[in-house]
Every structure is written in C-alpha cells, then in structure tokens.
There are 2 protein chains.
Amino acid sequence: MNKRLVVKLLGGLLALEALLMLPAVAVALCYGESIFCFLQVILVMLAIGVPVWFLVKPDVKNLNARDGLAIAGISWLLMSFFGCLPFVFSGSIPSLADAFFETVSGFTTTGATILEDVECLPKGILFWRSFTHWIGGMGVLVLTLAILPKLSGRTSHLAKAETPGPTFSKLAPRMGDTAKILYMIYGALTLLEFIALVIAGMPVYDALIHAVSTAGTGGFSCRNASIGAYSPLIQWVVAVFMLLFGVNFAIYFHMIRKEWSGIAKNEELWIYLIIIVLGTFGIALNTLPQTGSFGDSLRQGFFNINTVMSTTGFGVCDISIWPIFARVLMVVLMVGGACAGSTAGGLKLSRIIMLFKSCVREVRRMISPRKVSVVRMEGKAVEESTLGTLGLYLAIYVVILLLGSIAVSLDPMEGNNISVSFTSTLSCISNVGPYMGSAAGASGCFAGFSVPVKLLFSIIMLAGRLEFFPMLALLSPTLWKKY
Amino acid sequence: MNKRLVVKLLGGLLALEALLMLPAVAVALCYGESIFCFLQVILVMLAIGVPVWFLVKPDVKNLNARDGLAIAGISWLLMSFFGCLPFVFSGSIPSLADAFFETVSGFTTTGATILEDVECLPKGILFWRSFTHWIGGMGVLVLTLAILPKLSGRTSHLAKAETPGPTFSKLAPRMGDTAKILYMIYGALTLLEFIALVIAGMPVYDALIHAVSTAGTGGFSCRNASIGAYSPLIQWVVAVFMLLFGVNFAIYFHMIRKEWSGIAKNEELWIYLIIIVLGTFGIALNTLPQTGSFGDSLRQGFFNINTVMSTTGFGVCDISIWPIFARVLMVVLMVGGACAGSTAGGLKLSRIIMLFKSCVREVRRMISPRKVSVVRMEGKAVEESTLGTLGLYLAIYVVILLLGSIAVSLDPMEGNNISVSFTSTLSCISNVGPYMGSAAGASGCFAGFSVPVKLLFSIIMLAGRLEFFPMLALLSPTLWKKY
C-alpha cells in the first residue's frame with residue numbers, strides 16, 4: 001500500500017473524529033456536566049491527527065483498491081479505540097474492554113450493550129454513545145469524501161470499502177458529490193424523525209438520542225426499557241423510521257428527482273416491503289392470543305419486524321415469551337437484513353435476490369447446458385464477478401457464525417446455552433444488537449460475557465459492518481507491502 | 001427430456017428395487033415371520049417394472065444432463081413410495097405418511113425415525129428398514145450402472161446427479177467400471193464391519209443390521225438405545241467404521257492400487273482426520289467432569305464426533321446433558337459433513353475447503369486486481385464453473401434451513417422450541433438423523449411432528465441427499481419439455 005497516503009488520511013480521520021465529538025461536548029455543557037473526559041480525548045486526537053494530516057507528504061495522489069481496504073480496516077479500529085476513551089475517562093464504563101465493545105457496537109450500528117442500567121449515565125456520554133451510530137451508519141469515510149472535495153480524484157475505493165451492499169451505485173459523476181447527496185438525505189431524514197418524535201410527545205433530549213440511533217439503524221437508547229418506555233404513538237413513529245432507514249438511499253435520490261420508474265423496478269424495495277407486511281401480520285396473528293388486542297399485536301409485530309430487518313435492535317416488549325413461530329421468524333430475519341445502500345446490516349436483500357436468481361439460472365443451465373443467460377437486477381445485467389463474490393460472502397458469513405458460536409460456547413458465563421451462543425454471534429455479525437435465549441431477560445445484555453468473548457464480538461461486529469473483506473485484507477501480508 | 005428413455009429406466013429401477021427386497025424376505029423367512037407384506041409389494045413392482053423395461057422402446061440411446069436430473073429426482077421419490085409399503089402392509093407403521101418419512105429417511109441415509117419403540121417390530125421389517133440405508137448410501141442409480149453394462153454408453157449424467165460432492169471423479173474410463181469398483185469397495189467394507197462386529201461380541205442379526213446401517217452412514221438401529229445398548233468395544237468398532245465410511249471411496253481405490261501419493265496430497269482426507277482428532281479430544285476434555293473417566297469421555301467423544309461428521313446418527317449416550325461447548329460443536333459439525341464421494345451427507349468438507357480457498361483468492365484479487373490465479377485441489381486447478389456452483393449450493397442449503405425452520409416452528413407439537421425447529425431441519429437437510437433440544441429425550445424422535453411437517457422433512461431429506469439440483473430441476477417446466 002501507499003503508506004504515506006494511508007497514514008495521512010488516517011491522521012485526517014482522527015482530527016475529524018475529534019470534531020465529531022463536539023456535539024457531545026455541547027450536550028454535556030447544556031446539562032452542566034463535566035466535559036473534561038471529552039476534552040482530553042479531543043486534544044489527544046487533534047495533537048496526533050492535525051500534524052500528520054498537514055506534515056505527511058504522500059508520494060502518490062490516487063488511492064488504489066489496496067489502500068481503500070487498508071484505510072477502511074484500520075480507521076474503524078482506530079476510531080473505535082479513541083471513541084471509547086470518553087467512556088473510560090468519565091468512569092461511565094471503567095473497563096477498557098467493555099468501553100471498546102460498546103464503542104464498536106456503536107460505530108458498527110449494532111447496538112449491543114454491556115450496560116445494564118443506562119439511565120444513570122451523564123447525558124453527554126449517552127449522546128456520544130448514540131451519536132456513534134449516526135457516524136457509523138453512513139460511514140466516516142463517506143463523510144470524509146463529502147467534506148473534502150480535494151480528495152475526490154480517484155477515491156471510489158474508499159467509499160466501496162465502507163459502503164454496505166454487493167455493488168456501489170454512484171448517484172453523481174463525482175464521488176464527492178455522491179457522498180454529499182447521501183449525507184444530505186441522511187441528515188434530512190434524521191431531522192424529520194427528530195421533529196416527528198417531538199411532535200409525538202417525546203422529550204427533546206430523548207428525541208435527539210433516538211433520532212440519531214434510528215438513523216444509523218443502531219439501537220442504543222437512553223432508557224432501560226428502550227422504546228417500550230414511550231407511548232404507542234412514539235413506537236409507531238420509530239418503527240416507520242426504522243423502515244425508512246432500511247431503504248436504499250438511492251431510492252430517495254430518485255424520489256427527489258421524480259424518477260419514479262427507477263423506484264418501480266427496484267425489486268429489492270418491493271420485496272423488502274412485502275416481507276415487512278407479511279411478517280407484521282404473521283407475528284400479529286401469532287401473538288394475538290397473548291396480547292388479546294389486535295392493535296397491540298399489530299404494533300408489536302410491525303415494530304419488531306422493522307427492528308430486526310433494519311438491524312436496529314430497539315425493543316418494545318419481551319419477545320422471549322412470544323410463541324415459537326414469531327421468535328424463529330425474528331432469528332431468520334436477522335440473517336437477511338434490509339436493502340443494500342441503507343444503513344442496515346445483515347446479508348442485504350439484494351444479495352439474497354441475486355443468489356436466488358443465480359440458482360434459477362444454474363438449474364436452467366444444468367437442464368439446457370448450451371443456453372447462455374445473464375442475471376438481471378433492475379433490468380441491468382449483473383457482472384459475473386459480482387455474482388461470484390456473493391457465494392463467498394455468504395460462506396464467510398456462515399463460517400464466522402459457526403466458529404464464533406463454538407468460541408462463545410466456551411464462555412463459562414452463567415445462563416450460556418446453545419441459543420445464546422448462536423444468536424449472540426448472529427446478532428453481532430448482522431449488526432442487530434439483542435439476542436435470544438438469554439436467561440437474563442429479553443434485551444440480551446452483553447455484560448455477562450468474558451473479556452475475550454467481548455473482544456471477539458467486537459471483531460465480528462467490525463467484520464460484519466465492513467462486509468468482511470477490509471478486515472480479511474488486513475490479515476494478508478501482501479496488503480502491507482509497498483505497492 | 002427423452003420421456004421414453006426416462007420411463008424405461010424408471011421401470012427398470014422399480015424391478016431392481018423388487019429384487020433388493022429379497023434379502024429382507026430371506027431374513028423374515030429365517031425368523032419364521034410372515035413375508036406376505038413384502039411379496040405383495042414385490043409382485044406389484046415387478047408387474048409394473050418388468051413390462052415397462054422390456055416393452056418401452058426409447059427413440060434415443062444416450063442420456064443427456066436433463067434426463068439424468070429427471071431420473072434421479074423421480075426415481076428417489078418412486079423408490080421411497082414403494083419402499084414404504086411393506087411397513088404399511090405389515091402394520092408396523094400403519095400411517096402412510098409416517099412410513100414414507102421412515103423410508104425416505106432410510107434411503108437418504110438420514111436415520112431420523114418416527115418409531116418410539118423399534119424392538120417390538122418383526123426382524124424382516126427391521127432389516128428392510130436398515131437395508132434402505134445400504135441401498136441409498138452408494139445410490140441405486142450407481143448400482144444400476146454397475147450391473148447393467150449395456151447402459152454405460154453416455155451415462156455419466158446418471159451417476160453425477162446422484163453421487164454426493166462438488167465433482168465426480170471417474171475411477172475407470174468406463175462409467176460402468178467405476179460403479180462396479182465403488183460397489184465392490186462398499187460391499188467389502190460392509191462385510192469387514194459385519195465380521196468385526198461379530199468378533200466383538202454382537203449377535204449376528206444385530207451385526208447385519210448395524211453393518212448395513214453404518215455403511216450407508218444411515219443410523220437406523222434394531223435397539224431403542226442404539227449403539228448404547230452394546231459393549232464399549234462394539235462402540236469403538238462402530239465408531240471406526242463410521243469414520244471409514246465418511247472417507248472418499250476413491251481413497252480406498254488408491255490404497256488398493258498402492259497409489260500412496262494420491263492419498264498423501266488429498267487435503268480433504270487430512271482435514272477430516274484432523275477435525276476428528278481435535279473434536280474427539282475437545283469433547284473428551286469438555287465432558288470429563290461429567291463422566292469422571294477419561295476413557296469413557298474419549299470413547300463418547302470419538303463416537304459422537306464420527307456420528308455427526310459421517311452424518312450417521314447412531315447414539316451411545318444422552319448428549320442433551322452435555323456441556324454447551326460439546327453440544328454447539330455437534331450442531332456445527334452437522335453442517336460440515338465428511339468427505340465428498342463417501343456415503344455421508346452435509347455440505348462435504350471439500351466444498352468448504354474450496355470455498356475457503358476461493359475466499360483467500362478473492363481477498364488477494366481485491367488487493368492486487370491485476371493478478372490472475374486459480375484455485376487448486378489436490379494439485380489440480382478447479383474449474384471456475386465448479387467454484388461458482390459452490391456458493392449457490394451453500395445459498396440453497398441456508399435458505400432451505402431457514403425457511404424450513406420457520407415452517408417447523410408453526411408445528412403445534414408439544415415441546416417444540418427454537419432449538420427443535422432449527423436442529424431438526426438441519427438434521428434432515430444434512431441427512432444426520434437426531435436433533436437437539438427435544439424435550440422428549442436425547443434421541444430426538446420425529447413421531448410428534450404433524451403430518452405436513454413430516455412430509456416437508458421428507459422432501460428436505462431427499463433434497464439434501466441428492467444435493468438439491470435434481471429436486472429443483474423437477475420444479476422447472478423446461479425439464480418436462482421434449483428435448
């Protein structure tokens with residue numbers, strides 16, 4: 001890789017992260033809390049980042065694929081490390097391993113927490129915790145591209161390495177403009193949710209926290225009961241916005257430009273909506289005997305379908321007492337995730353659709369070996385190299401899930417069982433948050449796991465968020481060689 | 001497809017199945033049991049099969065890929081239907097759905113049973129039940145090729161559609177000779193196990209049952225306690241033979257021809273053996289506090305590792321009381337299976353190895369996009385089309401597992417839970433047999449499931465045994481068109 005260029009950019013990212021901590025400082029000031037824990041970290045990040053950014057002179061100007069992978073892999077580790085320091089310095093999460101887990105969970109928009117009681121924490125710290133979701137949701141490298149137009153020479157590798165989904169669709173000819181459009185849509189939707197929540201009766205601070213948490217499809221709340229602490233109206237609002245943040249952002253771009261045909265032929269969107277409708281009614285009917293009210297069942301069904309499909313992980317009710325069908329459905333949907341190009345995790349529906357079409361083609365090919373055909377998505381032929389990577393992506397996903405579950409099963413934690421081992425790993429790899437089968441309760445708190453397992457989960461969450469390849473690339477000696 | 005040719009062959013297969021029932025008739029006669037239930041079915045099969053075989057004149061002589069898929073898919077359904085009739089006519093399994101499930105489980109070498117008490121059944125019926133494992137293990141189409149040299153013109157499609165593994169390796173230039181060699185090795189190993197079991201002190205009838213059940217890596221026993229009913233020495237013998245039947249039969253062919261280099265560079269074999277050794281010691285150490293004896297732990301560990309890896313499904317102890325690690329390991333190994341070209345089910349290790357190598361190549365390609373490289377197995381380059389199919393294979397496996405689990409979760413059976421829904425489906429798709437989490441007991445009897453779920457399981461077992469594509473091809477309208 002081009003070491004100087006990579007180091008320079010990493011320095012810039014560190015300085016950027018310092019700036020991204022300022023909103024949390026502002027929140028802390030508003031509530032008269034100590035801002036010392038933030039200032040320490042901000043100063044350290046600026047002291048390292050600014051000189052590196054301005055003083056390191058790279059030999060080359062353009063980033064290649066190798067540099068993109070390296071920057072994505074290293075920067076997320078680096079950001080998580082510095083991002084966790086305010087938790088440690090403030091004493092909110094004294095253990096470094098716990099704080100690192102919590103911050104990785106934040107940036108990767110997983111929302112898995114080691115905190116059993118969040119309501120006792122300072123408001124500034126809680127805001128930073130949720131704000132990491134917002135930063136990680138759309139991606140800090142994409143943000144860099146949006147605010148640093150100078151970089152937009154050949155920087156598509158940066159965005160590709162960080163943005164979820166099997167393919168990356170440029171919305172504008174220049175990568176910097178694409179990034180700007182994405183962040184503008186992202187910001188506008190977040191603001192819209194904030195306003196909607198306040199109108200629905202949520203306190204302003206809580207609305208802020210939940211707006212940024214929903215936007216990144218993260219799941220950190222400022223209440224121990226999560227969204228279950230609020231009124232049914234608020235629960236509907238949050239559910240609708242979880243749905244919206246699980247949609248490919250290109251769809252909103254099409255909507256702004258009134259390109260309705262692009263939306264109409266987006267198969268992923270329609271399948272996403274169909275699954276939500278069917279899943280909602282399926283769960284509603286299945287849980288009806290328990291709640292006794294169709295309205296409640298419908299609300300809980302709609303909320304929970306969206307919380308797993310968008311991989312947000314907010315909760316409104318104890319799903320551990322649900323009938324088996326509803327719970328199995330939740331576990332299965334954890335694998336799928338929502339649309340590519342959204343802030344959601346999981347495999348992404350477009351991958352599943354492409355795999356399905358490839359299977360149909362394979363059967364056709366076996367029956368009539370001489371026929372040649374292509375797989376189409378939204379009317380366009382998908383490149384064979386993209387199709388080839390899909391299966392590998394699934395294989396890595398399955399292998400990490402299985403080996404991770406074996407490792408977690410070795411944790412002597414009280415209440416650990418087969419269900420906990422599998423679903424906690426699944427939840428981390430898909431960036432969902434809660435898991436099933438916990439004896440501790442429905443929320444599935446990660447506090448009880450041992451330190452090695454928490455570190456393993458952190459790596460799995462990062463691998464899931466970056467869609468494996470940047471993390472795997474870090475393991476390759478070739479990456480570290482001079483290009 | 002070439003309908004006449006397909007129908008003619010299906011007729012032949014039916015007549016062949018009638019002949020394959022004769023050993024069971026002999027066993028029944030030895031024990032003075034009624035053979036009426038068998039004779040009825042044999043006569044019907046001969047009455048249909050023989051005229052069809054001799055009277056239908058096909059237009060073409062050579063089978064194409066389409067015909068191979070169609071014959072594999074239809075013949076396994078047909079064989080299972082006629083094969084289940086003796087159970088119904090004898091009154092041993094009065095329900096047709098139950099008998100069909102049991103027979104499919106037999107032919108697919110799954111070994112999942114709906115019988116809660118097998119010891120009360122007639123000996124002839126029990127022999128037929130286990131003998132279906134032996135027939136299905138190596139495959140009835142391969143048997144056809146072995147005994148009908150006339151067919152061996154262009155019949156590789158038949159063997160390919162039925163033989164497990166990502167690729168089919170011919171052991172001799174003519175397909176008929178390959179099939180003969182395979183069946184000779186299969187028969188010799190079965191005989192060897194029979195002799196070993198008798199020497200180890202197992203009664204002759206029991207040795208016969210367990211020799212054919214192990215050979216097909218099936219799992220049907222004539223004792224309710226499975227192999228747990230016998231001495232530790234017998235348990236070791238069965239475990240060793242489960243290991244041997246999980247090895248690619250080409251290895252034995254190499255051994256006979258003293259081609260040691262072919263064995264030395266067979267990566268799949270070595271990885272298989274390494275997993276068995278590590279898994280055995282892992283389980284032995286993990287369960288040591290429970291058994292209190294390292295010898296017992298080692299025997300139980302070795303037996304159970306082999307019973308899941310070879311996907312046989314015999315039991316020697318109640319694994320539901322095992323520590324979590326050992327149980328999670330058992331579930332994960334259910335996915336993997338043993339070697340390609342053996343009688344075992346699951347994904348097969350060579351698929352996993354190829355997927356792993358493809359992933360390494362993909363990461364290398366991302367880092368250095370201009371480098372071209374091939375994936376090698378046993379020193380030979382693997383075709384790109386084979387690699388492309390691997391990911392699809394995994395995708396179909398995962399989708400059937402997830403959708404199957406959702407369907408099973410709807411079964412109102414008492415004791416159904418998340419663990420039962422997932423592991424029973426997993427067990428069927430990998431052709432293992434028992435499942436985890438059953439409240440009823442360690443053996444995981446399938447008696448309690450509803451009729452629709454039993455039929456679903458039957459389809460899933462067939463799909464898993466035939467490695468999906470022949471069953472999927474039956475769903476394609478193109479298959480049924482005239483070629």
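Here is how names work: the chains are called A, B, and so on, in the same order as the sequence lines, proteins then strands, and each is numbered from 1. None of the values given here were measured: they were computed from a predicted structure.
The structure places CG of L394(B) at 12.0 Å from CG of L390(A), a figure rounded to the nearest 0.5 Å. Separating the CG atom in L410(A) from the CG atom in N286(B) is a distance of 7.0 Å, to the nearest 0.5 Å. In this structure, the separation between NZ on K481(B) and OG on S368(A) is 8.0 Å, given to the nearest 0.5 Å. One finds the CZ atom of F469(A) at 11.0 Å from the CD1 atom of I367(B) (value rounded to the nearest 0.5 Å). The distance from atom CZ of F325(B) to atom CD1 of I418(A), rounded to the nearest 0.5 Å, is 12.5 Å.
Note: L402(A) leads L329(A), L475(A), L402(A) in heavy-atom pairs under 4.5 Å with chain B. Counting heavy-atom pairs under 4.5 Å between each of L472(A), N416(A), T478(A) and chain B puts N416(A) at the top. Among the candidates A395(A), A407(A), S476(A), the residue making the largest number of heavy-atom pairs closer than 4.5 Å to chain B is A395(A). Chain B forms the most heavy-atom pairs under 4.5 Å with one residue out of G336(A), A65(A), S358(A), S421(A), and that residue is S358(A).
Contact of V360(B) with chain A is not made at all, since no heavy-atom distance falls under 4.5 Å. Heavy atoms closer than 4.5 Å to chain B are found nowhere in V408(A), neither backbone nor side chain. Of the atoms belonging to V331(B), it is side-chain heavy atoms, and not backbone ones, that fall under 4.5 Å from chain A. S405(B) touches chain A through backbone and side chain together, each having a heavy atom under 4.5 Å away. Looking at F356(A), there are no atoms closer than 4.5 Å to chain B (heavy atoms on both sides), in backbone or side chain. Proximity to chain A is limited to the side chain of F422(B), based on heavy atoms less than 4.5 angstrom apart.
Residue-level contacts of residues 381-389 of chain B with chain A, in order of numbering, are T389(B); threshold 4.5 Å between heavy atoms.
Enclosure of atom CZ in R361(A) by more than 12 non-hydrogen atoms of other residues, nucleotides or ligands within 6.0 angstrom is indicated.
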